[in-house]
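This one's a predicted model, so the numbers in the text were calculated from it and none came from an experiment.
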Amino acid sequence: MPTAVVVAVVVAVLYFLGYRYYSTYLARRVYGLEESFVTPAHQFRDGIDYVPTNKHVVFGHHFTSVAGAAPIVGPAIAAFWGWGPALVWIVLGTIFAAGVHDFGALVVSVRHKAMSIGSLAKDIVSTRARTLFLFIIFFLLTLVNAVFAVVIGNLFIANPGAVLPIFVEIPIAIAIGQYVYRTRTAALVPSIIGVVLLYALIVVGQYAPFDITPWATALGFENPRDLWVIILFVYTFIASRIPVWVLLQPRDYINSHQLFIALALIAAGLVVGWESLVAPMVNDVPAGSPSIFPFLFITIACGAISGFHSLVSSGTTSKQLDKETDARYVGYMGAVGEGSLAVGALLAVTAGVAATRADWDALYADFSTASGGATGNFVGGVAQFAGNLGIPLQIATIFAAVVVISFAATTMDTGVRLQRYVVQEIAETAGWHRLSRNLTLASVVAVAVPLVLALLPGGGDAGYAFGVLWQLFGTTNQLTAGLALAVVAVWVTRRGRNPVAVIVPLVFLLAMTTWALIVNLVNFIRLEEWLLAPLDAIIFVLAMWLVYEAAAAMRRARRHGPDLVGPPAQAAPGERGA
């Protein structure tokens, strides 16, 4: 039985080879990077959004922006099919799909004045593709916000000691934001102090747990988690209305340190404990379980490739790139970092959470149990790794829960804010000017839709309901990645370069997502799930729409032959443009 350390080392070597050789091939042969190209950070330099930045600093921002709870939850559920298939897809998906996607979205945005992926879809694919993008992103963010509210609610119920540090982190982050904003100083030292205070509160939290169950019972809630879900959406409604520097950015400062601390703790715990993988390489799942094809790929989602990354690559990251050649390091390595977090999550739930195969089988008895307990299994696994380093188990458990909740809460903060933007943009396109211009009304819509989705399926078998929501999130997220890859593929083709490296993951993603959508639609209709069935059908229509738009754009690109897509950034004196 292999040890987790051996698996981690092998994966690290594969990731190194992927970055050293495959990303070099992409940079030279597919994307054609030029060091002399004047990036938007230089062309439109304003000291606010467009700022030429050292590639290591940009990487830190990019990685912490794309990393969240998703690459933890997906692999933790996918271990149900066995660690072998999950590991293979995480590694191959990271090297050959996520790296291509994240890197490509960044390059295309840089070559088009740091335009967002939605605007790029309109300019490169078609006007309809922009509408497609808006609807896909609407459903993606709806599902992101719904599933992470459920994740946080479950973790608060299971780990009441995490409630105090998570909620006190809010005023700590606000204080950091005020200090940085008013003094115009760097955020490094204040954010480190914030992390120290947060971890001190973890110790306090074990002595002051908060159990919401009595409050939920008094208010008539059958499931105490539902009260947490409502509280979380009230919080995100408020958080999405205030400036980003007040809360969102300073929380990101704190969570960026937490991310690297968690990865370091997992690695150190693996080395010290030399844990064995007690889970099966390929699991003999019970009859009636979701099949490994296509659901493994949909379930892992962000652990292998994430469409959300294209929003970050073409949003803030492309405005900070000093040299176009830095895109290889920032974009591809960002994907590798996300893949590393996914591998860490997989090892935590297959080598750390259980001491024997029998114990593991009990945790992954069926898909309902696996999906409902995924985050708890990760928390238990990380706590075991921390215990190998001499950290008391109770404190280590709260630490792991705080890490996941912090990532998920930050994702919700960003997700609800982005959802409001999308709602306003869709309303503007449709001519609903009252909704598009009313910030409060748009925020209500952005909160109400995922809130309903998070609460309605919660009755009965809550674990299965969460698993279904996660699969719908995964399919929508993959569709977003498919749209970004379609944009990149057309751009590469029109530049006269070979698009095969982009088309292969694009076709694979579309095949898996449409397959999963059809299977789920049949099951929803059979089970009379009249909320989920129409949602699945709408996402399926969007998938077919994406296939048509991508194919039509590729035909046009091949028919017209190579050209220079979009206006190049103006070259500085003595330099040449693309």
ask   = Step by step, would you call Asn388 with Glu275 a side-chain contact (heavy atoms from CB on, under 4.5 Å)?
value = CA-CA 10 Å; Asn388 294 339; Glu275 305 287 352; 2.9 Å; yes
message = So for atom CZ, which belongs to Phe135, do other residues, nucleotides or ligands contribute more than 12 heavy atoms lying within a distance under 6.0 Å?
response = no
To the nearest 0.5 Å, what is the distance between [atom1] on [X] and [atom2] on [Y]?
X: Leu141; Y: Asn477; atom1: CG; atom2: CG; result: 10.0 Å
X: Thr3; Y: Leu270; atom1: OG1; atom2: CG; result: 8.5 Å
X: Phe139; Y: Leu535; atom1: CZ; atom2: CG; result: 6.0 Å
X: Phe473; Y: Asn145; atom1: CZ; atom2: CG; result: 10.5 Å
X: Arg225; Y: Leu155; atom1: CZ; atom2: CG; result: 11.0 Å
X: Ile300; Y: Trp470; atom1: CD1; atom2: CH2; result: 11.0 Å

task = Please lay out, stage by stage, how Phe210 and Trp215 fare under the test side-chain contact (heavy atoms from CB on, under 4.5 Å).
result = CA-CA 11 Å; Phe210 178 76; Trp215 297 84; 4.0 Å; yes
What are the two closest heavy atoms between [X] and [Y], and how far apart are they?
X: Ile525; Y: Trp530; result: O-CH2, 4.1 Å
X: Gly352; Y: Phe385; result: CA-CE2, 3.8 Å
X: Arg420; Y: Ala446; result: N-CB, 3.7 Å

ask   = Under the 3.5 angstrom rule, does the side chain of Thr414 hit a backbone N or O of Thr411 as a donor-acceptor pair?
value = no
inquiry  = I'd like to know whether Thr476 forms a side-chain contact (heavy atoms from CB on, under 4.5 Å) with Thr142, so could you lay out the CA-CA distance, the side-chain angles of the two residues, the decisive distance to 0.1 Å, and finally the verdict.
reply    = CA-CA 10 Å; Thr476 313; Thr142 296; over 6 Å; no
inquiry  = Classify the ring geometry of Tyr332 against Phe103: parallel below 30°, tilted from 30° to 60°, perpendicular beyond 60°.
reply    = perpendicular
query = Do Asp366 and Thr369 get their side chains close enough for a donor-acceptor pair, meaning under 3.5 Å?
reply = yes
note = Per side chain to side chain contact (heavy atoms under 4.5 Å, CB included), Trp81 is matched among Tyr364, Phe293, Trp89, Phe367 by Phe367
task = Show your working on side-chain contact (heavy atoms from CB on, under 4.5 Å) between Leu198 and Gln258 and close with a plain yes or no.
result = CA-CA 10 Å; Leu198 176 64; Gln258 282 210 87; 3.4 Å; yes
